[in-house]
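Remarks on the structure that follows.
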Amino acid sequence: MVEAVTAQEMQRFDRYTMEEIGVPALVLMERAAMATIEVLAAGTFDLANVLVIAGLGNNGGDGVAIARMLIQKGVNVDLLILGDENRATANTATQLKIARGYGIHTQNRVRDFRNYTVIVDALFGIGLSKPVSSKLGDIIKRVNAANIPVVSVDVPSGLHATTGEILGSAIRATATVTFAYPKQGLLQNEGLKRAGNIYVKDIGIYSPEELAEFKQEESEN
Ligand SMILES: NC(=O)C1=CN([C@@H]2O[C@H](COP(=O)(O)OP(=O)(O)OC[C@H]3O[C@@H](n4cnc5c(N)ncnc54)[C@H](O)[C@@H]3O)[C@@H](O)[C@H]2O)[C@H](O)CC1
Ligand SMILES: [K+]
């Protein structure tokens, strides 16, 4: 099993991949979305009626890309955006622009989460740093109470990606699709009970150590 990383380590690897190697963040988002869809479409989940819950950070951007790609595959998807879009990160704003450019509609509320066959949780990822607001906490509680299978993107929302502690309220996931490396928060404390089945997906982000090994092997070829 690959070494689990902290949120800070993951953010450092993300930055190195984007700034030193030159992979644009949007490309990483597209790869994250495709990796999540691989798990969603592998047969365990019923995709008859999908809800994607997207926040305003880059985790939400992953969710918007997932919704767009599923819709373009003919899947029935509702895309719920939580929060004031003016506060969205640049990448998530771009994902929303792209989705709308393809004619995809978004919504800001859901009457009953039990109407769906699977819920994709892209509210918060490794950037969650403070307790979620009571409004978002209530929505997380309603999602958990609906007892619908939930696939969390990178980290179950509300869970601290390093400590595995609950920051106010946290999603109980059926499965978590986490990128590059397992996050320490998925393997300890509440993370153990809330991450569900963990799928670690390669999206082209590697630690400096792994990169050094790869370069070493390349130089020997
Ligand atoms: N960075 C990359 O190269 C990639 C990131 N991916 C995905 O992005 C998330 C990490 O995104 P980030 O923007 O850092 O934050 P999050 O989306 O995890 O959410 C936090 C977000 O919300 C703000 N925030 C923090 N605490 C709260 C709170 N309690 N209430 C409201 N808002 C809060 C914070 O400022 C952030 O903006 C990572 O998990 C991946 O899913 C790509 O997938 C891959 C490349
Ligand atoms: K999430």
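Below, each value reflects all heavy atoms present in this structure, side chains not excepted, and no hydrogens, waters or symmetry copies. All ligand and atom numbering here is 1-based and tracks the order in the structure. The chain is numbered in sequence order, starting from 1.
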* Where's the contact between A32 and ligand 1, heavy-atom distance under 4.0 Å: side chain, backbone, both or neither? -> side chain
* Asked: Taking the non-hydrogen atoms of G55, is any one of them nearer than 4.0 angstrom to ligand 1?
  -> no
* **Under 3.5 Å: N/O of T89 near N/O of ligand 1** => no
* Would you call E19 and R15 a salt bridge, taking side-chain N to carboxylate O under 4.0 Å as the test? -> no
* So, D154 and the K ion (ligand 2): N/O/S under 3.4 Å, yes or no? -> no
* Compare all side-chain heavy atoms of T117 with those of L47 and state whether any distance is below 4.5 angstrom. => no
* Asked: So is there a nitrogen or oxygen of D62 less than 3.5 Å from a nitrogen or oxygen in ligand 1?
  -> yes
* Structure fact -> Of all protein heavy atoms, the one nearest atom 9 (C) of ligand 1 is N59 N, 3.5 Å
* Look at atom 39 (O) of ligand 1 and say which protein heavy atom is nearest, naming residue and atom and giving the distance to 0.1 Å. => D154 OD2, 2.7 Å
* F124 and S157: which non-hydrogen atoms are nearest, and at how many Å? -> N-OG, 2.8 Å
* Structure fact -> For V132, the atoms of ligand 1 under 4.0 Å from one of its heavy atoms are 29 (N)
* **Heavy atom of protein inside 4.0 Å of atom 43 (O) of ligand 1, strictly below** => yes
* Specify side chain, backbone, both or neither for R15, according to which of its non-hydrogen atoms lie closer than 4.0 Å to ligand 1. => neither
* Any side-chain heavy atom of F113 sitting closer than 4.5 Å to one from L80? -> yes
* Do you reckon L82 sits in the same ILVMFWY cluster as I126, going by side-chain contacts under 4.5 Å, direct or chained? -> no
* Main-chain N/O of A170 paired to N144 side chain as donor or acceptor, under 3.5 Å -> yes
* Structure fact -> So the angle subtended at the K ion (ligand 2) by V155 atom O and N59 atom OD1, rounded to 10 degrees, is 140°
* **Protein heavy atom at shortest distance from atom 34 (C) of ligand 1** => G127 O, 4.2 Å
* Got a donor-acceptor contact below 3.5 angstrom from the T174 side chain to the V150 backbone? -> yes
* **Between S207 and R12, a side-chain donor and acceptor under 3.5 Å** => no
* To do: Could you check which of A65, G125, G57 puts a non-hydrogen atom nearest to atom 18 (O) of ligand 1?
  => G125
* **Nearest-neighbour protein heavy atom for atom 2 (C) of ligand 1, which is reported as residue plus atom name and distance** => D14 OD2, 3.3 Å
* Do V153 and D121 have side-chain heavy atoms sitting under 4.5 Å apart? -> no
* To do: Flag the pair P182 / L187 as yes when at least one side-chain heavy-atom distance between them is below 4.5 Å, and no otherwise.
  => yes
* Asked: Are any non-hydrogen side-chain atoms of L167 and L159 less than 4.5 angstrom apart?
  -> no
* Asked: Among all protein non-hydrogen atoms, which one is nearest to atom 26 (N) of ligand 1, and what is the separation to 0.1 Å?
  -> L128 CD1, 3.3 Å
* Any N/O of P131 closer than 3.5 Å to an N/O of ligand 1? -> yes
* How close does the nearest protein non-hydrogen atom get to atom 19 (O) of ligand 1, and which residue and atom is it? -> F124 CD2, 3.6 Å
* To do: May I ask you to check whether S133 has an N/O atom sitting below 3.5 Å from an N/O atom of ligand 1?
  => no
* Asked: Numbering the atoms of ligand 1 from 1, which are under 4.0 Å from a heavy atom of S129?
  -> 25 (C), 26 (N)
* Should I126 be listed as contacting ligand 1, given a heavy-atom distance under 4.0 Å as the test? -> yes
* **Whether T163 side chain and E165 backbone form a donor-acceptor pair below 3.5 Å** => yes
* If you have a sec, read the angle at the K ion (ligand 2) from S157 atom OG over to F124 atom O, to 10 degrees. => 70°
* Closest protein heavy atom to atom 8 (O) of ligand 1, given as residue, atom name and distance to 0.1 Å -> N58 CB, 3.1 Å
* Which protein heavy atom lies closest to atom 27 (C) of ligand 1, and at what distance to 0.1 Å? -> K130 NZ, 3.4 Å
* Below 4.5 Å, heavy atoms only, C-beta onward: do Y102 and R68 meet side chain to side chain? -> yes
* **Apex the K ion (ligand 2) - arms O from D121 and O from V153 - angle rounded to 10°** => 90°
* **Contact check: Q11 vs ligand 1, nitrogen or oxygen atoms, below 3.5 angstrom** => no
* To do: Ignoring hydrogens and angles, tell me if any N or O in the side chain of R172 forms a donor-acceptor pair with the backbone of G196 under 3.5 Å.
  => no
* So does E190 pair up with K193, basic N to acidic O under 4.0 Å? -> yes
